[in-house]
There are 2 protein chains.
Amino acid sequence: MKKKRISQADVAREAGVSVTTVNLVLNGRQNTRISEEAAERVRLAAEKLNYSTDPIARSLRTGQTRSLAFISDNVTVTRYASAMIRGVLDAAEARGYTVLMAEIGDHLERQGSIVESMLERRVDGLLFGFMSARKIDLPALLPDTRTILINATAEGLPSILPAEHEAGTAAVNCLLAAGHKRIAFIGRSEKVYDPYLSVTIPRRYAGIDEAMQAAGLSFVAEFQGHEWEPELGYEGTLRLLDDGAKFTALLAANDRVAFGAYRALQERGLTVPGDVAVMSFDDEQLATYLHPQLTTMRLPYREMGYLGVEMLLADAPTEPGSETLVPMPLVERSSIIRR
Amino acid sequence: MKKKRISQADVAREAGVSVTTVNLVLNGRQNTRISEEAAERVRLAAEKLNYSTDPIARSLRTGQTRSLAFISDNVTVTRYASAMIRGVLDAAEARGYTVLMAEIGDHLERQGSIVESMLERRVDGLLFGFMSARKIDLPALLPDTRTILINATAEGLPSILPAEHEAGTAAVNCLLAAGHKRIAFIGRSEKVYDPYLSVTIPRRYAGIDEAMQAAGLSFVAEFQGHEWEPELGYEGTLRLLDDGAKFTALLAANDRVAFGAYRALQERGLTVPGDVAVMSFDDEQLATYLHPQLTTMRLPYREMGYLGVEMLLADAPTEPGSETLVPMPLVERSSIIRR
DNA sequence: CTGAAAGCGCTTACAG
DNA sequence: CTGAAAGCGCTTACAG
């Protein structure tokens, strides 16, 4: 990595012009009235010497780094959420930006020092990405630091969220469209109305409830719970069945809950989708392992990551406090049939 | 982000000394014989002005950036492999390094330009991280660029790999120790002997076979396949059963295969671990969803990531072409009982 | 149409 | 014990 670098001065010498000329030509400046002949000599010389501009020196001079920081909580380590990183990386690369990454885990208190160190490195913008959509308190930021939150909200900052209300409605409508009227629901929870726990789940519930109401229906049975793991789906389904609930369709809070529900249904000799149709949320890989494969509303992690970068680097800054909603596509597989 | 920066010159003015003195003090240089009194004034002034050194300017001068590049194929987007990123990030942070990330997906041909752009940014080292351990061809690198491959190998470069041979042996021994003698194996494949497809799977097979041989045993039945998805486990198990194979334990190539095997076993009215014990590899989250939870050999992604950074930044460069093996821990859960 | 020079904020060899 | 100055490689206001 030593190897003396080729500088604009070297190119200038080779081409027999000044570094000003070299710089102007190589940066493709317009209206500079450098003779095409000189410009050509510069380009040839640069090519010959295999010159590439030193981004560090440029940054020192311009104050811009063409880099951005992506700071997350537990995204790397969370199942399908890590796709958000891919979205960020792809979008950044498309625009010639480099991504500096840091992950703080559950140590939210470390945000301050991480942000500081990123800012010291003069990133052109800050992207925060969270595993599950909730409100967070960010350290006071320089007012002119471009910042976007992905899958989170914070006072006075623009954020990108999944369109959960819409998705809740779509999930129910999907079941209704297949002719189901007796629907059970597993995974409602009151806890979740604290924005520091979730900002989107209440919206999902609202979307679900509105769709049911619009159809003049209510759930024939519900099993509550906020730990959305297979255990909940398993126990909830058994309980509903034991209580004698009669339902032809089951709405699960997420794929893991659905996973548990499948097991319970199977143990009771019930088949999916013949006896019970199942609809879910998230679309983690698990959904494709199930038999039959699970129909579910996809959480658009990758898209949110991609959009985050685009908004961060857009010409006009995003309005503070605004929310950009990203659609959650319905992924139709085999867990629902017409009845 | 504008905000005129506080520089060492500002601190010098405030403290009434030269920038040389400021620099020496703030960098904690030894043997510099600056009066303790002057040093104290400098520290106070820096504190008061809230000075922090500009890493860009420092980099321009020193040629070092305290940053490293992590370049991966599909790590962000692959199930549990994304934990490798966390390991990298944690280790880098512990040493005060920043990580520049890029992911190239299946476009291995893009490696060249990505590496170039990272090198232009003067990263102090290059880390390559791959989803599954295989041999890759890297673009010719500057000979003095520190480089480490995580979960991959390349001509003349040091690499970090999971200790698969050892793990294969341990998996079999675990079954043997529980008293099993009639063992079936699903997931052997000849394809995998091409190093560009895998460098570690053949070792795993070797470890498995040696342990069996050492016990004077061979598998009572095998079902081949290299697409290690649930489908293979499902069909393989059914086939073995239909062929009348009598086994008390099943060794699955990975957790997904085991997942499929569970389903087949259950359909045939066989219970795990009562009728058939199951042993597997990977330890993805899936393993904990299964009932009973799966005993498996864990792929140490996070540890490999962490170690990669440590080796990259170690005082002595790692020997070219060397291999560092990271143990795969046995994660005992409930899919095996004594017989 | 093109160049000389200043300056971004550091670090360091040199001088005293 | 401490300071003045050069230089890393750019960009840009200014001069001609």
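Naming: A, B, ... by sequence-line order, numbering from 1 per chain.
- Map B/L60 and B/T21 each onto its nearest nucleotide of DNA chain D; the residue landing nearer the 5' end is B/T21.
- The interatomic distance linking A/R122 (CZ) with C/dG9 (C1') rounds to 8 Å, in whole Å.
- Atom CD of A/E155 sits in a sparse spot, with 12 or fewer heavy atoms from other residues, nucleotides or ligands closer than 6.0 Å.
- Distance A/R41 CZ to C/dC1 P: 14 Å, rounded to the nearest Å.
- Using Watson-Crick or G-U wobble geometry with both donor-acceptor distances under 3.5 Å, C/dA4 finds no partner in any strand shown.
- Nearest to the side-chain atoms of A/D54 among the listed nucleotides D/dA5, D/dG9, D/dT12 stands D/dG9.
- Taking every side-chain heavy atom of B/S18 into account, D/dG3 is the closest of D/dG9, C/dG3, D/dG3.
- Comment: B/R95 does not engage B/E310 in a salt bridge, judged by the lack of any side-chain N to carboxylate O separation of less than 4.0 angstrom.
- Rounded to whole Å, the distance from CG on A/L24 to P on D/dG9 is 20 Å.
- Under 3.5 Å, the side chains of A/S159 and A/E323 contain no donor-acceptor pair of N or O atoms.
- Out of C/dC10, C/dT12, D/dC10, the shortest distance to the side chain of B/T20 is found at C/dT12.
- Across D/dC8, D/dT12, C/dT2, the shortest atom-to-atom separation from the side chain of A/I34 is found for C/dT2.
- Within the 4.0 angstrom heavy-atom criterion, only backbone atoms of the sugar-phosphate kind lie near B/T53; the bases stay farther away.
- The nearest pair of heavy atoms linking B/P300 to B/V326 is CG-CG1, 3.6 Å.
- At the heavy-atom level, A/A9 lies nowhere under 4.0 Å from the strands shown.
- Within the nucleic acid shown, A/S35 comes within 4.0 Å of sugar-phosphate atoms alone, with no base atom in reach, counting heavy atoms only.
- In this structure, B/L26 places its CG atom 14 Å from P of C/dT12, rounding to the nearest Å.
- Atom-to-atom, CD1 of B/I56 to P of D/dG7 comes out at 23 Å; the value is rounded to the nearest Å.
- For A/E36 and C/dT2, the CD to C1' distance is 15 Å, given to the nearest whole Å.
- More than 12 heavy atoms of other residues, nucleotides or ligands shown are found within 6.0 angstrom of CD on B/E36.
- The phosphate of C/dC8 (OP1 or OP2) has no side-chain N or O of B/R61 nearer than 4.0 angstrom.
- Between A/R29 atom CZ and D/dC10 atom P the separation is 14 Å, expressed in whole Å.
- Summarising the base pairing, C/dA13 is matched to no nucleotide, lacking a Watson-Crick or G-U wobble pair whose two defining distances lie under 3.5 Å.
- For the pair A/Q8 CD and C/dA5 P, the interatomic distance rounds to 18 Å; values are reported in whole Å.
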